[in-house]
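Some notes on the structure that comes next.
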Protein chains: 2
Amino acid sequence: MSPQSSPAYPLIRKLESIYNLSSAEYEALMALPILARSIRPDQDIARDHDRPSQCCILLDGLLYRYKLLEEGKRQIFSFHISGDIPDLQSLHLQVMDHNIGTVVSSVVAFVPHETMNRLIDDHPRIRNALWRDTLIEAAVFREWMAGLGRREAYGRISHFICELFVRYQAIGLANGYKVELPLTQEKMGDALGLSTVHVNRTLQAMRTDGLIRWYRGHLNITDWSGLKKAGAFDATYLHLRH
Amino acid sequence: MSPQSSPAYPLIRKLESIYNLSSAEYEALMALPILARSIRPDQDIARDHDRPSQCCILLDGLLYRYKLLEEGKRQIFSFHISGDIPDLQSLHLQVMDHNIGTVVSSVVAFVPHETMNRLIDDHPRIRNALWRDTLIEAAVFREWMAGLGRREAYGRISHFICELFVRYQAIGLANGYKVELPLTQEKMGDALGLSTVHVNRTLQAMRTDGLIRWYRGHLNITDWSGLKKAGAFDATYLHLRH
DNA sequence: CGGAATATTGATTAACGTCAAGGCTCGTGG
DNA sequence: CCACGAGCCTTGACGTTAATCAATATTCCG
């Protein structure tokens, strides 16, 4: 079987983007018992106050984490792409403090905590890679906080697009300056602390300025350096290897 | 030597607030070679782009983490109290992506990464406690994101005060409903994504409403249930043991 | 005591939210 | 193949929150 066809390949590709795996570790990940499962759009995978007994590895699709607040408001904390384990934290935090759901139809694998713990006990460097991953996630949260607290809509959206693009690129899922990003403007607003209307108007301004094209979930960055500049984007906080 | 007088006591007390330590682990922490060092107010302990070779354990005082943005703006990501290890992440992320500084005169201990790694290799459950701590930190970031993105100033500040109070309480540093909180309104603004002026006016409204008193760094919560309600505060995300 | 940092106040403005309506797109079923 | 409806996008008018600007108090601290 070629590596790319292994069900664990997305996870391996993701971990390699942030950590240098040995061949033994590579093999151990390939050997993970993975049962792929398809989930429809807009389904919750884990809910606030749940006590998960397994982790969810995203193999293909798009997930998001969010919390519902008072008065029907929603804050989205992150989007997760192929290879991510959005509820890795449940290994150490028994109770979920937010929800995880699908944005579009997605393929995931559920791996029992037991199995994950055996894997990282047998392979301490994989544990390091996963701990590192959770720390990078925290770094991304911080960067979003900076956007939410101190950047205006135009820069905030620009930065957001830069980040997603670089993350797709890091796992080889960008096609030049194009990525598939099937987000509604409503979800972007809930991630960026903006109203749908304002997201809409700001995206239009960005199109007018020639930074991006975005049509039916196909994002095309037409002025990468302009976009980076508008978002004051510096990828250091993603702690990628390359 | 009584436990309380051990230099590692603040760290132990903090870890016990989120994790059940065995007596062997307790002993191991007590045995950490800790050299306390005093640092003056407004000094940076670690800087953006640094490559730390040690972790900083806060024994007494108040630290904060922040990033400087374009146009002289600043976002504060967290405040750290006695027992916290704000740069624990440097064990797995080589490069700092933000700054850590003192708010007031503080006592810290610098422990080499080497020493920390030996400790957690010898005591896997201490590693679990520390990993858990970094995950709780991420949960706190998420909660702040929700505030920054979707809560108005009054609720945002209320929530912030609730959180700090509960954290002080968890390590036994609250005196009834009073805590020492030597924050300027400018720092609160930079943490909460608000201008100093607006923080000032909102605090006045909260005082008028009888929620708090706050004078020269002495915070007194005069209506705890009202404050919780105003901030829609639910401590689940702090993942405390009690 | 004097200067710097911090808190407070008022007036004005900018950014963004809300409300409401209409248009586009796509999947579904007849 | 076309009609229909739901979800999403777009637009305009208006309202609100909070930023900015500019003073003036007050406190802190050597």
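By convention in this document, chain letters (A, B, ...) are assigned in the order of the sequence lines, proteins followed by strands, and residues within each chain are numbered from 1.
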For this session: Report yes if the distance between the aromatic ring centroids of A/Phe77 and A/Trp144 is under 6.0 Å, otherwise no.
Result: no
For this session: For the side chain of B/His198, starting at C-beta, report the closest nucleotide among D/dC8, C/dT18, D/dA18.
Result: D/dA18
For this session: Give the nucleotide from the list C/dC19, C/dC26, C/dG17 with an atom nearest to the side chain of A/Ser195.
Result: C/dG17
Exercise. Relative to the ring of B/Phe233, is the ring of B/Tyr237 parallel (under 30°), tilted (30 to 60°) or perpendicular (over 60°)?
Worked result: perpendicular
For this session: State whether the distance check finds a donor on one side and an acceptor on the other, under 3.5 Å, for side chain A/Arg201 versus base C/dG17.
Result: no
Side chains of [X] and [Y] only: does a donor on one sit below 3.5 Å from an acceptor on the other?
X        : Y        : answer
B/Ser78  : A/Arg142 : no
B/Glu143 : B/His159 : yes
A/Ser158 : A/Arg151 : no

Could you state the atom-to-atom distance from [atom1] of [X] to [atom2] of [N] in whole Å?
X        : N      : atom1 : atom2 : result
B/Lys187 : C/dA7  : NZ    : P     : 10 Å
B/Arg213 : C/dA7  : CZ    : P     : 19 Å
B/Glu71  : C/dA15 : CD    : P     : 12 Å
B/Met206 : C/dA7  : CE    : P     : 15 Å
A/Asp42  : D/dA6  : CG    : C1'   : 13 Å
B/Glu186 : D/dA19 : CD    : P     : 13 Å
B/Glu152 : D/dT17 : CD    : P     : 6 Å
A/Tyr154 : C/dA14 : OH    : C1'   : 18 Å

Are any of [X]'s side-chain N or O atoms less than 4.0 Å away from OP1 or OP2 of [N]?
X        : N      : value
B/Asn200 : C/dT8  : yes
A/Gln185 : D/dG7  : no
A/Gln204 : D/dT11 : yes

Across the strands shown, which category fits [X] at heavy-atom distances under 4.0 angstrom: base, sugar-phosphate, nothing?
X        : value
B/Gly193 : sugar-phosphate
A/Arg207 : sugar-phosphate
B/Tyr215 : sugar-phosphate

For this session: Name the residue closer to the 5' end of DNA chain D, choosing between A/Thr184 and A/Arg150 according to the nucleotide with the nearest heavy atom.
Result: A/Thr184
Exercise. Do NZ/NE/NH1/NH2 and the carboxylate oxygens of B/Lys14 and B/Asp84 come within less than 4.0 Å?
Worked result: yes
Seminar exercise, completed: Taking for A/Arg216 and for A/Val197 the nucleotide of DNA chain C with the nearest heavy atom, the one nearer the 5' end belongs to A/Val197
Problem set entry | Degree of bending in the helix from C/dC1-D/dG30 to C/dG30-D/dC1 once both end axes are built from five pairs, to 10° | 50°
Exercise. B/Tyr66 and B/Asp44: side chain to side chain donor-acceptor pair (under 3.5 Å), yes or no, with the steps?
Worked result: CA-CA 10 Å; B/Tyr66 67 99; B/Asp44 281 338; 2.6 Å; yes
For this session: Count the heavy atoms belonging to other residues, nucleotides or ligands that lie under 6.0 Å from NZ of B/Lys229, then report whether that count exceeds 12.
Result: no
